[in-house]
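Structure, as structure tokens:
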Number of protein chains: 2
Amino acid sequence: MKTKVIEFERYMEEKGLKSTTQRDEIVNTFFNVKGHVSIEELHHTVQKKNPKIGYTTVYRTLKLLTESGLAHERQFGDGQARYEAVTTEEHHDHLICLKCGTITEFENMKIERLQEDVAKEHGFKVKNHKLELYGYCKKCRNEVK
Amino acid sequence: MKTKVIEFERYMEEKGLKSTTQRDEIVNTFFNVKGHVSIEELHHTVQKKNPKIGYTTVYRTLKLLTESGLAHERQFGDGQARYEAVTTEEHHDHLICLKCGTITEFENMKIERLQEDVAKEHGFKVKNHKLELYGYCKKCRNEVK
DNA sequence: GTGAAATTGAAAATTGATTTCAATAATAGT
DNA sequence: ACTATTATTGAAATCAATTTTCAATTTCAC
Ligand SMILES: [Mn+2]
Ligand SMILES: [Mn+2]
Ligand SMILES: [Zn+2]
Ligand SMILES: [Zn+2]
């Protein structure tokens, strides 16, 4: 997405950071890849375009994207961080298929409201939350016991 | 809890595993410690009773407890696994304080039901889920901006 | 008691994340 | 354009948590 790339350039500018071929290629690739991508996966994809780009630079660029608010880092149960482009301001939660790994997004305002109620009951101030449903997607549910 | 220890012994028996002093001490300590404990914390506690017990054995025993369904492994954002005794069959979710680390438990049937609704809408079969609210507890919320 | 089989724990290996550092590249000022 | 300053790169090193290895020890069925 072009506007996202421009927002990233603005963030770099404002932080006094330099523009480089590597960053451009990584950021462009990131915004053109759908879904929830690991560092390794993105590195692999980026290398098809430019085999000289190192893992570390992908790691650092994803960190910048996260700091700038243009990406979210997610931890689903598989041990490695995954990143997704922040498209709208809308929060969403996830359904994760234990068989094929497909990640589906959803929003449910009723749940969000009830979470706030729960927090209030405990005098707790919510900063962020994580709601993940693990199980089997439409495709896989028939193939598994 | 004595009944839990007996359930563990039954599981060991049924798996053809042997009973050892180390396992007994680790399991006993685990069921007498409240809350959500890391391997390192449990190891430290166990060592007060018996300094010869190694980290690895605590690790392996917690794994057995998890396999047997008597403990749950949890991942809150701090990078290390935490374990809690499964006391009732009741599921619960967590409030995690970002300042003092306190973990509070809650149950909310309305949320659970809505989760099922969401899953159904997507043809998804939920196996388990994770709902974590991160923020500041009653004690800490005033000390943080 | 004896012996096969399991357990222990220190050390080594693994994994994903993060840092280091010398070489390279970007850019502001001339 | 040239140069000096400063940031960036990426391979390798480090880190922290977890997991495996393996030789010595312990358990328990017979
Ligand atoms: Mn998402
Ligand atoms: Mn709990
Ligand atoms: Zn699936
Ligand atoms: Zn607190």
Side-chain angles (χ1 to χ4, degrees), chain A residues 8-30 36-68 71-83 101, chain B residues 8-30 36-68 71-83 101:
Chain A
F8 182 68
E9 282 163 7
R10 191 180 306 141
Y11 178 80
M12 292 289 97
E13 175 89 38
E14 153 190 329
K15 287 275 176 182
L17 303 175
K18 289 172 180 170
S19 158
T20 69
T21 332
Q22 288 93 327
R23 278 178 181 164
D24 291 352
E25 294 187 310
I26 294 164
V27 168
N28 267 292
T29 307
F30 177 67
H36 306 75
V37 75
S38 69
I39 301 177
E40 187 144 347
E41 285 167 359
L42 187 58
H43 179 226
H44 190 259
T45 306
V46 162
Q47 282 212 322
K48 288 178 198 161
K49 288 278 175 189
N50 182 345
K52 285 192 192 160
I53 293 182
Y55 172 94
T56 316
T57 304
V58 176
Y59 160 77
R60 285 190 278 230
T61 305
L62 282 171
K63 193 167 227 191
L64 286 172
L65 283 162
T66 304
E67 285 167 19
S68 73
H72 275 160
E73 184 185 319
R74 307 283 188 188
Q75 287 289 347
F76 304 122
D78 69 339
Q80 66 189 330
R82 295 186 164 274
Y83 298 81
Chain B
F8 182 69
E9 282 164 5
R10 191 179 306 143
Y11 178 80
M12 291 292 98
E13 174 91 36
E14 153 189 330
K15 286 277 176 181
L17 303 175
K18 290 172 179 172
S19 159
T20 69
T21 334
Q22 289 93 326
R23 280 178 180 163
D24 291 352
E25 293 187 311
I26 294 165
V27 169
N28 267 292
T29 307
F30 177 68
H36 307 76
V37 74
S38 68
I39 301 177
E40 186 143 348
E41 285 166 1
L42 186 59
H43 180 225
H44 191 258
T45 307
V46 161
Q47 283 210 322
K48 288 179 197 158
K49 288 278 175 188
N50 183 345
K52 286 192 192 161
I53 292 182
Y55 174 94
T56 314
T57 303
V58 175
Y59 160 77
R60 284 191 277 229
T61 305
L62 282 171
K63 192 166 228 194
L64 286 172
L65 282 162
T66 303
E67 285 167 18
S68 72
H72 275 159
E73 185 184 319
R74 307 281 189 189
Q75 287 289 349
F76 304 122
D78 69 340
Q80 65 189 328
R82 294 186 165 275
Y83 298 82

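Lettering of chains follows the sequences in order, A, B, ..., and the numbering in each one begins at 1.
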Could you tell me how far apart [X] ([atom1]) and [N] ([atom2]) are, to the nearest whole angstrom?
| X | N | atom1 | atom2 | value |
| --- | --- | --- | --- | --- |
| Glu13(A) | dA7(D) | CD | C1' | 14 Å |
| Leu42(A) | dA17(C) | CG | P | 13 Å |
| Glu41(A) | dG16(C) | CD | P | 12 Å |
| Glu25(A) | dG10(D) | CD | C1' | 15 Å |
| Asp24(A) | dA25(C) | CG | P | 15 Å |
| Tyr59(B) | dG9(C) | OH | P | 15 Å |
| Lys63(A) | dA7(D) | NZ | P | 17 Å |
| Asp78(A) | dA17(C) | CG | P | 9 Å |

Glu13(A) atom CD, neighbour heavy-atom count above 12 within 6.0 Å: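 It does not: Glu13(A) CD has 12 such atoms or fewer within range.
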Per Thr20(A) side chain, nearest of listed nucleotides dT8(D), dT18(D), dT18(C): dT8(D)
Does a side-chain heavy-atom distance below 4.5 Å link [X] with [Y]?
| X | Y | value |
| --- | --- | --- |
| Leu65(B) | Tyr83(B) | no |
| Arg23(A) | Met12(A) | yes |
| Leu64(B) | Leu17(B) | yes |

Touch class at under 4.0 angstrom, heavy-atom based, for Arg23(A) against every strand present: sugar-phosphate
Within residues 47-57 of chain A: residues closer than 4.0 Å to DNA chain C (heavy atoms): Tyr55(A), Thr56(A)
Distance-only donor-acceptor check, side chains Glu40(B) and His44(B), under 3.5 Å: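 Side chains of Glu40(B) and His44(B): no pair found under 3.5 Å.
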Among His72(B), Glu73(B), Glu41(B), His36(B), the one residue meeting side-chain hydrogen bond (donor to acceptor under 3.5 Å, both in side chains) with Arg82(B):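 One option only clears the test, and that one is Glu41(B).
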Reported CD-to-OG1 distance for the pair Gln22(A) and Thr57(A), which is rounded to 0.5 angstrom: 6.0 Å
dG10(D) phosphate, OP1 or OP2, under 4.0 Å from Gln22(A) side-chain N/O: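 Gln22(A) to dG10(D) OP1/OP2: side-chain N or O found under 4.0 Å.
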Donor-acceptor pair (no angle test) under 3.5 Å: Lys18(A) side chain, dA25(C) base: no
Pairwise 5' ranking along DNA chain D for Leu17(B) and Arg60(B), keeping only the more 5' one: Arg60(B)
